[in-house]
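Read through the structure below, which is laid out as structure tokens, and then see the notes.
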Amino acid sequence: MNEKNTFYITTPIYYPSGKFHIGTAYTTVASDTISRYKRLRGYDVRFLTGMDEHGQKIQEKAAEAGKNPQEYVNEIAESAKKLWALMDISYDDFIQTTQDRHKKSVEKIFQKFLDNGDIYKGEYEGWYCTPCESFYTETQLVDGNCPDCGRPVHKVKEESYFFNMKKYSERLLQYYEENVEFIEPESRKNEMINNFIKPGLEDLSVSRTSFDWGIKVPGDPRHVIYVWVDALTNYITSLGYGSHNEELFNKYWPADVHVVGKDIVRFHTIYWPIFLMALDLPLPKKVFAHGFIMMKDGKMSKSKGNVVYPEMLIERYGLDATRYFLLRELPFGSDGVFSPESFVERTNFDLANDLGNLLNRTVSMMNKYFDGTIPTENIVETEFDAALKVHAKETRLIYEKNIEKMQFSVVLSDVWSLVSRTNKYIDETQPWVLAKDEENQGKLASVMLNLAESLRHIAVMLQPFMTSTPKQIVEQLGLDTTHLAWETIETFGNTIPANIKVVEKGIPIFPRLDVEVEVAYIREQMRASVKTPQEEEKKAEVEVPEVPEISIDDFMKVDLRVATVTACEPVPKADKLLKLQVDLGYEQRQVVSGIAQYYKPEELVGQKVIVVANLKPVKLRGELSQGMILAGSHDGVLTLATVDPKLQNGAKVK
């Protein structure tokens with residue numbers, strides 16, 4: 001254990017550009033697994049996740065959705081928390097970079113960079129990728145596109161603050177050399193050195209002026225702090241760094257491991273260490289960059305109709321089957337392939353056949369040969385007992401070694417070797433033969449006890465990976481959660497009390513699946529999550545609801561007039577209402593309209609609008625409204641109806 005008996009682990013803070021898919025779940029489940037293991041071993045764990053909520057892309061996404069950015073990111077944050085609850089993710093903190101605790105600390109960090117001379121003001125001209133929130137030089141582009149995501153980039157020229165990266169490049173290389181396990185897998189480290197550091201680090205643009213959704217630069221609010229300074233510092237601001245209470249920071253920093261996807265290695269292993277050096281803070285002990293979940297036809301893509309959402313798998317097959325597949329099928333650190341066939345096969349062969357059947361057979365034999373009691377007395381060892389016990393011990397030792405390296409698929413493979421060895425032990429000892437001879441009662445008792453003990457070891461080791469199965473196993477064996485403590489598997493045997501009764505009939509913990517039916521189901525769900533071009537076109541058509549017809553005489557009663565908005569302000573304590581002063585040419589009026597979530601007051605001043613001028617005045621939240629402004633809405637986006645600016649105020653709209 002480390003000196004303070006603490007363990008601090010983080011996921012990336014995810015970008016809220018849409019619904020989280022199985023790739024995001026993969027990162028989070030892996031982080032949750034190592035967190036659970038460390039708690040099992042007695043560590044004081046701090047597990048952080050959250051969302052990166054500032055930047056131009058978010059501002060644009062929110063506008064597309066017809067929402068203000070804060071409303072947009074808050075909705076996705078709530079959706080993320082619901083998903084993590086569904087997946088039983090045991091995080092300790094969920095940070096949003098729009099929270100005051102983060103923003104205030106980031107301002108102090110940026111100011112410290114300024115005071116230390118690490119940041120200077122200049123002008124940036126180069127290529128920018130909005131989805132990645134990243135700048136690139138001409139030589140870094142691949143076929144003229146973003147080297148990370150492959151999307152088009154655009155030329156940007158604007159005033160910017162720059163961080164002097166060159167100042168720390170030699171020191172960073174030295175840290176790499178002295179801390180060989182800082183970046184894993186090692187191939188990622190070689191990539192950083194050869195592709196970015198050795199060719200010469202470019203100074204990093206750390207502010208933008210072309211949008212305003214972000215934390216303002218102290219003393220220069222025209223500039224927004226660039227996303228990577230804002231985002232990366234969450235790992236320390238979440239611990240209270242730069243606040244009045246740094247108790248958590250002093251307790252848990254430096255981080256033991258940042259778990260990230262391979263697409264953001266550069267930011268976590270070059271920018272982030274340099275920022276910490278500039279702050280004179282310890283660097284994280286490890287950055288582990290895992291690969292991507294690929295599909296047989298390449299990356300997950302909505303346009304291909306191959307996106308997999310975890311909710312679908314959990315609802316149909318259960319959480320533990322989903323978590324098991326993600327960590328068993330996909331080698332952590334490398335790219336892995338998801339297919340409906342592999343998911344169903346893993347569930348059937350590993351979970352239903354190997355583990356589930358082992359438990360069912362054991363419980364059934366206990367009931368058949370010992371009236372449902374696990375025998376603990378008059379034990380006579382068989383010639384096969386020693387080998388099983390040695391295998392259980394070796395499995396635990398290699399498990400401890402490999403899980404520390406975050407080799408999750410290897411760890412589960414090791415556990416399943418014990419599952420297979422235990423199934424083989426049944427075939428070797430042949431309890432059904434031993435039961436026929438009274439003289440073999442002691443050996444039969446030994447076999448039953450060893451089966452129960454082997455299953456208990458398996459349950460203990462599965463706890464970090466599967467959150468309900470281990471409890472189900474020990475419950476069917478008549479045991480409780482005290483028998484799931486890690487220290488209880490440091491020896492084999494002598495841990496099961498006398499007179500423990502197993503369940504009369506065990507319920508299969510993983511029912512077998514119909515391969516053809518379930519593969520078809522998963523494929524159907526993948527397709528259903530993405531609209532075809534024809535469906536999108538149909539959706540885009542404006543549906544005309546049935547409304548009562550009116551006569552021309554009725555319509556002529558409505559007096560529509562052109563007006564100009566001369567002033568606008570929010571209605572106090574009414575989030576959706578704006579109070580507009582409009583010039584109708586022949587008089588000034590006040591109109592209250594529920595458009596605050598679509599327009600800022602300053603955007604409306606000077607706009608030509610259409611007013612229903614003969615609407616009976618009403619009071620809304622205590623404010624007089626003398627008319628109505630016309631607007632249209634589609635797919636949740638509202639836009640004001642406007643007219644040619646040449647039309648005079650007061651002109652009648654016919």
Side-chain angles (χ1 to χ4, degrees), residues 1 33-34 36-43 324 327-328 350-351 354-359 361-363 365-366 374-377 379-431 442-466 469-474 476-498 500 502:
M1 285 189 179
T33 296
I34 195 68
R36 288 176 179 273
Y37 172 71
K38 287 294 184 177
R39 291 192 195 98
L40 199 56
R41 300 305 305 275
Y43 280 78
Y324 175 80
L327 297 173
R328 177 68 178 88
D350 293 11
L351 301 179
D354 294 344
L355 179 60
N357 195 39
L358 173 61
L359 178 61
R361 292 174 76 189
T362 299
V363 169
M365 287 188 291
M366 296 282 189
I374 301 177
T376 56
E377 297 178 350
I379 301 296
V380 178
E381 290 201 353
T382 76
E383 60 184 299
F384 305 104
D385 292 7
L388 178 64
K389 293 177 182 179
V390 167
H391 197 107
K393 179 181 179 181
E394 290 176 347
T395 300
R396 176 181 61 83
L397 293 174
I398 197 169
Y399 178 114
E400 292 174 355
K401 179 181 177 182
N402 285 326
I403 200 167
E404 291 288 352
K405 296 179 180 178
M406 301 183 71
Q407 295 299 309
F408 302 119
S409 62
V410 176
V411 172
L412 285 171
S413 178
D414 294 334
V415 174
W416 248 253
S417 75
L418 179 56
V419 174
S420 298
R421 184 66 189 82
T422 308
N423 275 314
K424 182 182 178 182
Y425 175 74
I426 295 176
D427 296 334
E428 291 172 334
T429 56
Q430 298 184 35
K443 289 185 177 181
L444 183 60
S446 180
V447 172
M448 294 300 105
L449 179 60
N450 288 336
L451 288 177
E453 183 68 347
S454 185
L455 276 163
R456 193 183 65 79
H457 278 236
I458 292 163
V460 171
M461 288 187 278
L462 284 180
Q463 287 178 98
F465 298 89
M466 306 165 85
T469 299
K471 294 174 186 175
Q472 290 177 306
I473 291 173
V474 294
Q476 291 204 22
L477 293 173
L479 304 172
D480 57 38
T481 54
T482 61
H483 294 92
L484 289 172
W486 189 266
E487 56 270 19
T488 65
I489 63 169
E490 291 176 356
T491 58
F492 192 102
N494 303 319
T495 54
I496 296 179
I500 291 294
V502 300

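With rounding to the nearest 0.5 angstrom, the CG atom of Asn357 is 9.0 Å from the OG1 atom of Thr362. Remark: Leu358 CG to Leu455 CG distance equals 4.0 Å, nearest 0.5 Å. Between atom NE2 of residue His457 and atom NE2 of residue His483 there is a gap of 11.0 Å, rounded to the nearest 0.5 Å. Rounding to the nearest 0.5 Å places CD1 of Ile473 at 4.5 Å from CG of Leu355. Atom CG of residue Asp480 and atom OG1 of residue Thr482 lie 3.5 Å apart, to the nearest 0.5 angstrom. For the atom pair CD1 (Ile34) and CG (Leu40), the distance works out to 11.0 Å, reported to the nearest 0.5 Å.
Across all non-hydrogen atoms, the minimal contact from Leu477 to Ala452 is CD1-O, 3.7 Å. Taking both residues in full, the closest heavy atoms of Ser446 and Ile379 are given as CB-CG2, 3.6 Å, listed atom of the first, atom of the second, then distance. Nearest heavy atoms, Ile500 versus Gly478: CG2-O, 3.6 Å. Scanning all heavy atoms of the two residues, the minimum distance from Thr395 to Ser417 falls at OG1-OG, 4.2 Å. For Glu377 against Ala445, the heavy-atom pair with the smallest separation is O-CB, 4.4 Å. Leu451 and Met365 get closest at one heavy-atom pair: CD1-CE, 3.7 Å.
Looking at Thr382 and Tyr425, their side chains come closer than 4.5 Å, going by heavy atoms from C-beta outward. You'll find the side chain of Thr33 reaches within 4.5 Å of the side chain of Pro464, heavy atoms only. By the 4.5 Å heavy-atom criterion applied to side chains, Met461 and Leu418 are counted as neighbours. In this structure the side chain of Phe492 reaches within 4.5 angstrom of the side chain of Asn450, judged on heavy atoms. Inter-residue side-chain proximity for Gln407 and Ser413 is flagged as unmet; no heavy-atom pair is nearer than 4.5 Å. A 4.5 Å side-chain heavy-atom check between Leu462 and Leu412 finds at least one atom pair inside the cut-off.
Dense packing is recorded around CD of Glu490, with more than 12 heavy atoms of other residues, nucleotides or ligands lying under 6.0 Å away. Around the CG atom of Asn494, the shell of radius 6.0 Å holds no more than 12 heavy atoms that belong to other residues, nucleotides or ligands.
Ring-plane geometry between Tyr324 and Trp416 is classed as tilted, the angle between the planes lying from 30 to 60 degrees on a 0 to 90 degree scale. Tyr37 and Trp486 have perpendicular rings, their planes meeting at more than 60° on a 0 to 90° scale where under 30° would count as parallel.
With sequence neighbours excluded, the residues satisfying ring-ring contact (aromatic ring centres under 6.0 Å, His included) with Phe408 are Phe332. Judged as a salt bridge (Lys or Arg N to Asp or Glu O under 4.0 Å), and not counting sequence neighbours, the contacts of Glu381 are Lys389. Remark: Leu484 engages Ala459, Val460, Gln463, Pro470, Lys471, Val474, Thr481 in a side chain to side chain contact (heavy atoms under 4.5 Å, CB included) (not counting sequence neighbours). Judged as a salt bridge (Lys or Arg N to Asp or Glu O under 4.0 Å), and not counting sequence neighbours, the contacts of Asp350 are Arg346.
Listed by first and then second residue, the salt bridge (charged side-chain N to carboxylate O under 4.0 Å, His left out) pairs involving residues 401-421 are Lys38-Glu404, Arg421-Glu428 (not counting sequence neighbours). Sorted by first then second residue, the salt bridge (charged side-chain N to carboxylate O under 4.0 Å, His left out) pairs that include residues 443-455, not counting sequence neighbours, are Glu453-Arg456.
In this structure, a donor-acceptor pair under 3.5 Å is absent between the side chains of His391 and Ser454.
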